[in-house]
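Here is the structure we will look at, set down as structure tokens.
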Amino acid sequence: MDVDTDKWNLLEKAHDFRAQLRLLGFVLLADVVLVLSTGTNVWNLRWSTVSDRPAAIVLVVLAYGAIVKIVVPLLLPLLRSVLGLLVEWLQRIPGISPERRDTDSPTYVTWTDADRWLADAPDGSRRVDVEKQMARIAEDEEHWDSTVRAGWSAVLLVLLGWLVPGSTTAAVAHWQQWAPLVIGFLPAIPCVYDLWAGSPIRREVRMPDLAQRLYRERRGGPLSNARAKN
């Protein structure tokens with residue numbers, strides 16, 4: 001029996017952490033907008049109230065797009081620079097700094113080395129393979145960056161909801177003051193990881209021939225190069 005894989009896109013989205021973070025941020029923003037426009041939050045929402053104010057839905061969609069595409073990208077450099085100082089200070093403590101990756105590999109080369117190779121490489125199957133690998137890396141990096149942006153957006157919206165009386169986050173805080181921290185914990189995971197260890201995407205391209213040559217040069221140094229010439 002033939003299976004239409006396109007029908008499984010929704011299932012793939014359910015396992016996509018980025019999609020979950022975007023959904024959480026959208027709900028948090030909708031909660032604040034509803035409180036400010038209708039006086040009720042998502043938890044106590046009546047669909048008749050929303051149908052009477054369809055402009056509120058449009059406002060939520062536009063506002064969330066502005067937050068993800070404009071506000072967060074503008075704030076991220078400032079947040080990263082300020083929090084980065086704290087992270088740098090903490091990582092000076094022996095035993096808690098992240099393990100550094102070993103970039104000296106006989107199989108993989110760095111993005112920079114691969115890019116230099118492409119500058120003089122002739123057309124052919126090897127060039128196509130390297131370009132495909134680099135395209136996948138760039139796609140993975142964009143996916144990670146958008147996940148981090150979605151995480152920061154949700155974290156900021158948790159803080160915003162905390163400050164708006166009547167919102168679900170404020171109501172949860174009224175029940176337990178630490179409860180909003182639990183809500184913000186999930187979206188903060190990729191943000192903290194990005195600050196602490198950087199992107200998990202390895203900017204390395206599989207090129208065994210070039211990697212082995214560079215590996216020998218780094219290991220052997222000038223003496224190895226001189227012997228190779230002789």
Side-chain angles (χ1 to χ4, degrees), residues 7-87 90 142-197 199-200:
K7 296 180 180 179
W8 294 90
N9 288 340
L10 183 60
L11 182 61
E12 293 176 0
K13 291 293 184 181
H15 294 284
D16 186 355
F17 192 46
R18 177 182 60 176
Q20 296 171 3
L21 293 177
R22 287 175 172 174
L23 178 60
L24 175 61
F26 186 84
V27 172
L28 290 169
L29 180 59
D31 185 72
V32 173
V33 172
L34 286 172
V35 169
L36 297 177
S37 61
T38 67
T40 184
N41 56 38
V42 171
W43 189 259
N44 300 318
L45 176 66
R46 293 181 179 179
W47 288 108
S48 59
T49 304
V50 178
S51 61
D52 293 339
R53 296 178 174 84
I57 300 177
V58 178
L59 179 60
V60 171
V61 174
L62 294 177
Y64 183 74
I67 290 174
V68 174
K69 298 295 185 180
I70 300 176
V71 177
V72 171
L74 289 176
L75 291 179
L76 264 184
L78 177 61
L79 288 172
R80 282 173 171 164
S81 60
V82 174
L83 296 177
L85 295 176
L86 176 61
V87 170
L90 289 174
E142 173 57 28
H143 188 281
W144 171 252
D145 289 340
S146 61
T147 300
V148 173
R149 289 196 301 269
W152 278 115
S153 300
V155 169
L156 293 176
L157 289 169
V158 169
L159 296 176
L160 177 62
W162 203 343
L163 299 175
V164 177
S167 69
T168 301
T169 308
V172 170
H174 182 72
W175 171 61
Q176 291 288 348
Q177 292 185 350
W178 49 264
L181 299 178
V182 177
I183 301 176
F185 174 77
L186 178 66
I189 292 175
C191 307
V192 173
Y193 185 96
D194 187 65
L195 286 171
W196 188 259
S199 171

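Quick note: numbers below take in every heavy atom, side chains included, and nothing from hydrogens, waters or symmetry partners. Keep in mind that what you see is a predicted model, and the values were worked out from it rather than measured.
In this view, Thr168 and Asp31 satisfy the side-chain hydrogen bond (donor to acceptor under 3.5 Å, both in side chains) rule, not counting sequence neighbours. Take Leu62 and apply the side chain to side chain contact (heavy atoms under 4.5 Å, CB included) test, not counting sequence neighbours, and it matches Val58. Looking at residues two or more places apart in sequence or on another chain, you find no side-chain hydrogen bond (donor to acceptor under 3.5 Å, both in side chains) involving Asp145. Partners of Trp162 according to the ring pair (Phe, Tyr, Trp, His ring centres under 6.0 Å) rule, which considers only residues two or more places apart in sequence or in another chain, do not exist here. Here Leu90 pairs with Leu86, Ile93, Ile96, Trp196 under the side chain to side chain contact (heavy atoms under 4.5 Å, CB included) rule; sequence neighbours left out.
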What pairs of donor and acceptor atoms, side-chain ones from residues 170-180 against any protein atom, are under 3.5 angstrom apart with sequence neighbours left out?
unit_1, atom_1, unit_2, atom_2, d
Gln176, OE1, Trp178, NE1, 3.1

Mind listing the side-chain donor-acceptor pairs of residues 150-157 below 3.5 Å, one per line with the distance, residues two or more places apart or on another chain?
unit_1, atom_1, unit_2, atom_2, d
Ser153, OG, Arg149, O, 2.8

Sequence neighbours left out, cut at 3.5 Å: what donor-acceptor pairs do the side chains of residues 68-75 make with other protein atoms?
none

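With rounding to the nearest 0.5 angstrom, the CG atom of Leu181 is 9.0 Å from the CG atom of Leu159. Here Phe17 contributes atom CZ and Leu186 contributes atom CG; the two are 4.0 Å apart, rounded to the nearest 0.5 Å.
Side-chain contact check for Arg22 versus Ser146: some heavy-atom pair is nearer than 4.5 Å. A 4.5 Å side-chain heavy-atom check between Leu79 and Cys191 finds every atom pair outside the cut-off.
Within the structure, salt bridge (charged side-chain N to carboxylate O under 4.0 Å, His left out) pairs that include any residue of residues 169-184 do not occur (at least two apart or interchain). Residues in residues 164-193 take part in no salt bridge (charged side-chain N to carboxylate O under 4.0 Å, His left out) pair, two or more places apart or across chains. Evaluation of the salt bridge (charged side-chain N to carboxylate O under 4.0 Å, His left out) test over residues 157-175, restricted to residues two or more places apart or in two chains, returns none. Sorted by first and then second residue, the salt bridge (charged side-chain N to carboxylate O under 4.0 Å, His left out) pairs involving residues 75-87 (not counting sequence neighbours) are Arg80-Asp194.
Across all non-hydrogen atoms, the minimal contact from Phe26 to Tyr64 is N-CE1, 3.7 Å. Considering all non-hydrogen atoms of both residues, Leu21 and Pro187 come closest at CD2-CA, 3.4 Å. Listed here is the closest heavy atom pair of Val35 and Ser167: CG2-CA, 3.7 Å. Closest heavy-atom contact between Thr169 and Val158: CG2-O, 3.6 Å.
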